[in-house]
Amino acid sequence: MARKEHKYIFVIGGVMSGVGKGIATSSIGKILQSKGFKVNLIKVDPYLNVDAGTMNPTEHGEVFVLRSGLETDQDMGNYERFLGKDLTDEDYITSGMVYNHVIQKERSLGYRGKCVEAIPHIRDEITRRFTRAADVNGSEISVIEIGGTIGDYQNIMFIEAARVLKVENPDDVLFIMVSYLPIPGKLGEMKTKPTQNAIRALNSYGVQPDIIIARSEVALDKRRKEKIATSCSVKSEHVISAPDIKSIYEVPLNFERDNLGNTILELLKSQQKSRKANFAKWRSFVSKVNAKKPKIKIAVVGKYFDTGDFVLSDAYISVIEAIKFSSYKLGVEPEIHWLNAKDFEKKSKTNELKKYHGVLVPGGFGERGIDGKLNAIRYVRENKIPYFGLCYGMQLMVIEYARNALGIKGAQTHEIDPKAKDLVVDIMPDQKKKLEKEDYGGTMRLGVYPAYLKRGTIARKSYGKELIEERHRHRYEVNPDYVERLASKDLVFSGVSPDKVLMEIAELPEGKHPFFLGVQFHPELQARPLEPHPLFTAFIKAAISRSKKRKK
Ligand code: GLN
């Protein structure tokens with residue numbers, strides 16, 4: 001049963017995927033939050049995977065790890081960035097989770113001898129999750145994005161659960177369809193028919209949208225709004241124009257130009273519709289995004305980069321956004337260059353890295369491209385180019401340093417060669433057992449763990465505090481047996497777990513290198529528009545210094 005007075009807004013996609021349903025959901029959340037409402041955003045992923053952890057990021061986008069350690073869809077990252085707050089496990093629902101729960105319950109006689117079926121049992125489990133999320137978050141409004149597009153078989157149960165919720169609570173449930181209006185090249189005219197058909201498909205499920213967000217290359221004219229209004233039975237004021245714009249962070253402001261916030265509150269018969277929007281900080285952030293700024297060139301060296309740009313930006317979305325937030329704060333425009341690690345297998349190629357102001361190696365798995373990454377890291381260390389290593393990027397930085405600065409020639413990670421002589425990066429003891437049992441799903445070292453920072457280090461100065469909490473996703477670690485040797489020269493382990501076993505941050509001191517720092521965790525997951533991540537900011541600062549020096 002839905003909590004009294006709690007409001008639910010369902011966001012459903014029409015016509016085709018990839019038109020910004022996630023950003024629309026984030027933006028609706030942002031608008032309502034800016035009007036003083038307590039909002040939680042829920043992502044529904046209709047796939048049967050229990051979580052997103054086992055999926056290939058180049059095909060499905062980044063795996064976004066929550067504070068709790070739950071591995072979720074990249075949209076959850078957008079939600080956190082827009083709302084500026086941490087999401088909970090309840091905010092993420094997959095068909096896999098729902099079915100898993102219902103089947104387990106059936107096995108333990110939880111349905112007391114009944115025949116267990118999609119309707120009502122799967123549907124009711126979905127509703128239970130929607131309402132529980134509202135309770136756990138103590139929110140007033142839930143905005144729920146239903147993954148996929150109308151007409152998919154996979155998301156039918158979720159739409160059905162939403163429909164029933166509406167039947168039971170007519171004033172508390174709202175449907176928004178995000179649709180797409182193509183402008184076919186030959187015709188040069190915006191077409192509304194696909195949207196009309198999408199609404200009809202939704203109607204066939206017994207659902208009438210209250211608001212239509214019309215995505216297109218350009219803004220909708222009055223005539224098109226009216227046409228959609230008449231053919232889809234919504235008021236033309238409830239058709240919101242959502243043209244392509246430069247920055248996703250401007251979308252909430254753009255929606256507000258069409259008065260979306262108040263329309264939602266009116267339709268939901270909210271008693272508190274007079275709350276005023278406070279967008280001042282967000283607005284000033286967006287103006288920084290749009291301002292003309294000097295460029296800095298950041299190279300990201302990785303292994304997936306021959307699959308095409310479209311996929312890339314999805315697989316590393318949090319890294320890209322984290323770079324942007326710190327750059328905007330410092331008044332520069334980052335130009336991100338994707339460099340294929342394979343190209344650096346030839347050492348002579350590494351001097352191409354000279355032209356960049358900073359080089360970053362992001363997280364990753366497996367053997368491909370490793371030699372190229374190691375060569376690139378060696379080059380930037382020796383040539384004093386700012387370097388930032390994330391997770392695998394830190395492990396490889398330590399291996400490179402061991403091999404070339406300390407002469408431990410056989411330095412290796414267990415992930416590539418478990419039999420190597422010098423496993424300076426080794427599998428964590430509890431992880432070994434899990435891999436032996438082929439227990440892969442949700443079993444890495446996941447989520448938030450604390451670390452203490454050493455005084456006088458770049459890490460400590462950047463964060464400006466001693467105790468930090470960062471999100472993790474890894475199976476391997478700097479081998480505790482090698483820590484003393486690794487730290488015998490210049491390398492400093494500036495961030496260490498409270499029990500002092502796990503090395504969380506490695507760096508070269510300021511006097512030795514302008515910025516050569518790696519982290520075992522994923523700082524990008526906690527970077528926010530209004531609160532850029534301190535380590536990204538320190539990295540970009542170092543890159544700016546290099547860009548100024550190179551100009552002289
Ligand atoms: N493959 C490495 C590990 O499992 C690094 C993981 C990562 O970069 N997220 O420890």
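Counting starts at 1 for both ligands and their atoms, following the listed order. Values below: every heavy atom of this structure, side chains too, minus hydrogens, waters and symmetry copies. The structure presented is a predicted model; accordingly, all values stated were derived computationally and were not measured. Just so you know, residue 1 is the first one in the sequence shown, and it goes up from there.
- For F521, the ring-ring contact (aromatic ring centres under 6.0 Å, His included) partners two or more places apart in sequence, or in a different chain, are H472.
- Minimum heavy-atom separation, V289 to E333: O-OE1, 4.1 Å.
- Among protein residues, G363, G364, F365, C391, Y392, Q395, E415, R473, H474, R475, Y476, H522 come within 4.0 Å of ligand 1, judged on heavy atoms.
- Classification of the Y249-W282 ring pair by plane angle, with boundaries at 30° and 60°, yields perpendicular.
- A donor-acceptor pair shorter than 3.5 Å cannot be found between the side chains of H357 and E335.
- Listed by chain and number, the residues in a ring-ring contact (aromatic ring centres under 6.0 Å, His included) with Y99 amount to none (sequence neighbours excluded).
- Considering only residues two or more places apart in sequence or on other chains, H513 meets the ring-ring contact (aromatic ring centres under 6.0 Å, His included) condition with F516.
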